[in-house]
Amino acid sequence: MTPQELASALARILTDIIASRGDAAEGVVVTEQDTQVERPKNREHGDWASNAAMKFAKRLGTNPRELATEIADRAAGIDGVAKAEIAGPGFINITLDAASAGETARRVVEQGEAYGRGDALAGQRINLEFVSANPTGPLHMGHTRWAALGDSTARVLRAAGADVTSEYYINDAGAQMDKFGRSVLAAALGEEAPEDAYPGEYIQDLGRRVAEQIPGLGELARTDRAAALEQAQELGYRLQLAEIQDSLERFNVHFDVFFSERTLHAAGPDGAPSPIEAAVDRLREQGHVFEEDGAIWVRTTDFGDDKDRVFTRGNGVYTYFAADAAYYLSKKDRGFGEKIYLLGADHHGYIGRLTAIAGAAGDDTETDITVLIGQLVNLNGARLSKRAGNIIELNDLLEWLGSDALRYWLARYPADSPLALDGEKVRSRSNDNPVFYVQYAHARTCAVDRNAATAGVRREDGFAPGLLTHETEAELLGKLQQYPGIVAGAAELREPHRIARYLEELAGAFHRWYDNCRVIPLREEPVGDLHRTRLWLNDAAGVVLRNGLDLLGVSAPERL
RNA sequence: GCCUUGGUAGCUCAGUGGAUAGAGCACUUCUCUCCUAAAGAAGGUGUCGGAGGUUCGAUUCCUCUCCAGGGCACCA
C-alpha cells in the first residue's frame, strides 16, 4: 500500500459518501489531489494522515469530525489498513498492516532505477535554458549555481515524464566577441593589451595557443590585420568554448543543444532573411512593431513590460533584445511548449521583456514561458579571490571541493534563497557535511550487501514483509514510499532542492534502522526470513539513495 | 522613485493553509569482543522582522510597514 494508492482509495470513499448525500452535495467533485495523505510528524498519529474531512465538511454542510468519522469507518475496511482513527479537529490517522507497508521493499528493489519515475509531466516538451555564459572567458563562481540547479532540474523534470531539452545559448556575435578577438590577437602577437581588453591570465594562455596553432599569424597581421584578427578571434572562440564544455562535463552537467547566436544573424539559403529579420517581420504582422526616432521598436508594454524595447537601433544595428526575440521564436518553432529560463538575480529585469516576447509571439504568457530567478552565491564572503580582481573559476572550485560536494551544496537550497557557502564545510569529510552523510548511507547499503553474500543471506530465499515491525523499519518504509511523491513535487515546482532534503531524511532513517536492526545474523544465529526480508529493505534503501543522488548529478559510491 | 527576492533557534538553513514550527552544526553526556562509529541515543533553544486583514485554522494567502540583497539602457 503506497500513499498514492491510499489517496485514491480515500477519494473513492469520499465520492461514495457524496453520492449518498444526494442533492445537498451536488456538484462536489473529489480528486486524488484532495485526499492526498501526508506523513505525520508525530508517530502517534499513525503512518499516514488525511485532512480531507476538514476540507470538505463545509461544502457538504456537515462538521469535520462527523465527516471524518464516516470516512474513517470505511477506510478501516481498505485492504492493508490496520486502523483508521479520527483526531484533533478532523484528521483521519491511518495505520497500515506491517505486511502491507513492508511490501514496498520488494516493489522498490524490483523497479530499481525506474522507482520514483512517473508520468505527471508526460507529453510536455520543455526547453530549459541555463548558464549561457559568454564564450569570452572561463566559467566561474557566478555560473556554478545555475549549472548545478539547471542540470538537476532537467533530470527531475525528465523523471516526471517530461521531454526536456537542456540548452546553452552562446553569445558568439556582437561587440563582446570583437573585444575578445582583439584581446586574443594582441596576446598571440605579444603586443600590449588594447585599452578595453579582457583582463585575466586565460587570455594570455589562449593567445599562446592561438600563436602555436596559426604559424603565420605574425606575418599575416602585418599584411592583413583584419584577416589575422578574424582568424585569432575564431580560433580563440573555439578553444574557449571547448574549455567551457570541458568544465561542464567535469561538473557532470550536460547540454543537449549549444545554440549559436550567429545563426540568428545569418541569412538563410538563397538570401532568405535571417531569423532576426524574419522575427521582426513576424512581430510586425502581429501589429506589435512601430518606428520612432529612427529606431524600430516592439510594443512590449502591451504585454506587461514596463517599457517598450528597441529592436533595431537608429544606426541600423540590432539590439540584444532582437536576438532574444528571434531565439524565443526559434524555440517555439522547434516545437517546445514551455520555455524555461534560469537566470541570476542580476538579470531579473529580463522577466518583463522575455514574457512580452512570448505574448507578442502569440504564446500564453502563463504557461508557455517560465523565468526562474535565483539569488547569487557567495563563497566565504568575497575574500576568496585568489588574486585581486580575479574571479574564481569553476575548474578551480572543482579541484578544491570536488564535483559531488559542490553540486550537492548548490542543489540543496531553493534558487531564490541567498546562499553563503563555507568552503571548509563543503570540503570536510565529516558528519557536518550532508553530502557525505547521504553518500555514506548508500555505501553502507553496499557494505551490507557484501557481507550478506558472505554470510549466505539471499533475497531470493524468502520475503516476509509482515516481519518488518520495528519502529525504525516502519519509519524507513514510510520514507521509501514518499519518494515518488517527492520527485513529482520537485518537478512540478522546479525545485530540485527537495530531492536533497529528502535524501538527508532518508539517510537518517536508514542509519537509525541500521543501528537497530541487523541484516546479518550473529555468529550462532541461523539465517531466517527476517534477515532476508531486511536485506530486501536494505537494498530498497540503496536503490532510492542511488536514484535520488543521480537526480542531483552526484555519484553514489559503493565504498567511502 | 518603481520592480523583485529574502528576514524562521547562537550559526547555516528547511518548512506547496493543518496537529506541540523542524534539521544539521555548535555545547554536554552516553553507545563498537557483533553488517563501515564518516553512525546512533539523550539533553533546550524561538516575538516565524512588525502591524492589520481573509477563515474552522496563517510561518504559509492579501494589504501596509521596517531592514537587507538584486534590478530598472538605442550596453552586451
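Predicted model, so just to flag it, every value in this text is computed and none were measured. The chains referred to below are lettered A, B, ... by the order of the sequence lines, with proteins before strands, and numbering in each begins at 1.
At a threshold of 4.0 angstrom between heavy atoms, the contacts of Phe311(A) with the nucleic acid are absent. Here Glu558(A) lies in heavy-atom contact (under 4.0 Å) with a base. Residue contacts shown for Asn51(A) include a base, since a base heavy atom lies under 4.0 Å away. Nucleic acid contact class of Ala49(A) (heavy atoms, under 4.0 Å, all strands): base. Asn42(A) comes within 4.0 angstrom of a base, heavy atoms only. Tyr413(A) comes within contact range of the sugar-phosphate backbone alone, with a heavy-atom separation under 4.0 Å but no base atom that close. At the heavy-atom level, Lys179(A) lies nowhere under 4.0 Å from the strands shown. Here Gly314(A) lies in heavy-atom contact (under 4.0 Å) with a base. Residue Arg559(A) is classed as a base contact, given a heavy-atom separation below 4.0 Å to a base. Arg450(A) comes within 4.0 angstrom of a nucleotide base, judged by non-hydrogen atoms across all strands. Among the heavy atoms of the strands lying under 4.0 Å from Arg518(A) is at least one base atom, whether or not backbone atoms are also near. Within the nucleic acid shown, Met54(A) comes within 4.0 Å of at least one base atom, counting heavy atoms only. Residue contacts for Ala295(A): at a heavy-atom cut-off of 4.0 Å it reaches a base atom on one of the strands shown. In this structure, Pro414(A) reaches the sugar-phosphate backbone alone: every heavy-atom distance under 4.0 Å involves primed, P, OP1 or OP2 atoms, never a base.
Close to G24(B), at under 4.0 Å from its OP1 or OP2, lies no side-chain N or O of Arg412(A). Regarding contacts with the backbone of A19(B), a side-chain N or O of Lys41(A) is found under 4.0 angstrom from either OP1 or OP2. Neither OP1 nor OP2 of C72(B) sits under 4.0 Å from any side-chain N or O of Lys307(A). In terms of phosphate contacts, Tyr437(A) brings no side-chain nitrogen or oxygen within less than 4.0 Å of OP1 or OP2 of A37(B). Phosphate contact (OP1/OP2 of G24(B), side-chain N/O of Asn433(A), threshold under 4.0 Å): absent. Proximity of His497(A) to the phosphate of G15(B): a side-chain N or O atom is located under 4.0 Å from OP1 or OP2. The phosphate of C56(B) (OP1 or OP2) has no side-chain N or O of Arg65(A) nearer than 4.0 angstrom.
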List the steps, then state whether side chain to side chain donor-acceptor pair (under 3.5 Å) holds for Thr95(A) with Asp47(A). CA-CA 5 Å; Thr95(A) 304; Asp47(A) 292 328; 5.0 Å; no
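The partner of G1(B), taking Watson-Crick or G-U wobble pairs whose two distances both stay under 3.5 Å, is C72(B). If you check G46(B) for Watson-Crick or wobble pairing at under 3.5 angstrom, you find it has no partner at all. Partner assigned to A39(B) is U31(B), using Watson-Crick or G-U wobble distances below 3.5 angstrom. Using the Watson-Crick or G-U wobble rule with both distances under 3.5 Å, A58(B) pairs with nothing in any strand shown.
Nearest heavy-atom pair, His348(A) versus Ile373(A), reported as atom, atom and distance to 0.1 Å: CA-CD1, 3.8 Å.
Aromatic stacking of His45(A) on A19(B): satisfied, with centres closer than 5.5 Å and planes within an angle under 30 degrees. Stacking of Tyr514(A) onto the six-membered ring of A39(B) is not present when judged by under 5.5 angstrom between centres and under 30° between planes.
Side chain Asp416(A) to base G6(B): no donor-acceptor pair is found below 3.5 Å. One donor-acceptor pair, N or O on each side, does fall under 3.5 Å between the base of C3(B) and the side chain of His348(A). With hydrogens and angles ignored, no donor-acceptor pair closer than 3.5 Å exists between the side chain of His511(A) and the base of G40(B). At a cut-off of 3.5 angstrom, the base of A19(B) holds at least one donor-acceptor pair with the side chain of Asn93(A).
Salt-bridge formation is detected for the pair Glu504(A)/Arg412(A): a Lys NZ or Arg NE/NH1/NH2 atom is positioned less than 4.0 Å from an Asp or Glu carboxylate oxygen. Salt-bridge annotation for Arg459(A) and Asp539(A): present, with a side-chain N of the basic residue lying under 4.0 Å from a carboxylate O of the acidic one. Using a 4.0 Å cut-off between charged side-chain N and carboxylate O, Arg498(A) and Glu492(A) make no salt bridge.
Ring-plane geometry between Tyr169(A) and Tyr327(A) is classed as parallel, the angle between the planes falling under 30 degrees on a 0 to 90 degree scale with a further cut at 60. The aromatic rings of Phe258(A) and Tyr168(A) lie tilted to each other, with the angle between the two planes from 30° to 60°.
The separation of A51(B) from U59(B), taken at their P atoms, amounts to 12 Å, rounded to a whole angstrom. C32(B) and A14(B) are spaced 32 Å apart, taking the C1' atom of each and rounding to whole Å. Separation of the C1' atoms belonging to C48(B) and U29(B) is 31 Å when rounded to the nearest angstrom. Straight-line distance between the C1' atoms of U55(B) and C62(B): roughly 13 Å, to the nearest whole Å. Atom name C1', nucleotides G17(B) and A23(B): the rounded distance is 23 Å, in whole Å. Between G22(B) and C67(B), the two P atoms lie 32 Å apart (nearest whole Å). A gap of 29 Å separates the C1' atoms of G69(B) and G53(B), to the nearest Å. Rounded to the nearest Å, the gap between the C1' atom of U20(B) and that of G6(B) is 28 Å.
Taking only side-chain atoms of Val519(A), from C-beta outward, the nucleotide of C35(B), C74(B), G15(B) with the closest atom is C35(B). Comparing U5(B), A76(B), A19(B) against the side chain of Asn134(A) picks out A76(B) as the nearest.
Closest-nucleotide positions on RNA chain B for Tyr318(A) and Leu522(A) were compared, and the one nearer the 5' end corresponds to Leu522(A). Remark on RNA chain B: of its neighbouring residues Leu419(A) and Arg353(A), the 5'-side contact belongs to Leu419(A), judged by nearest-heavy-atom nucleotide.
Under 3.5 Å, the side chains of Glu475(A) and Trp513(A) contain no donor-acceptor pair of N or O atoms.
Base orientation for C25(B): anti, the chi torsion being more than 90° from 0.
For the pair Arg444(A) and Phe510(A), the cation does not sit on the ring face, since its NZ or CZ is not both under 6.0 Å from the ring centre and inside 45° of the axis.
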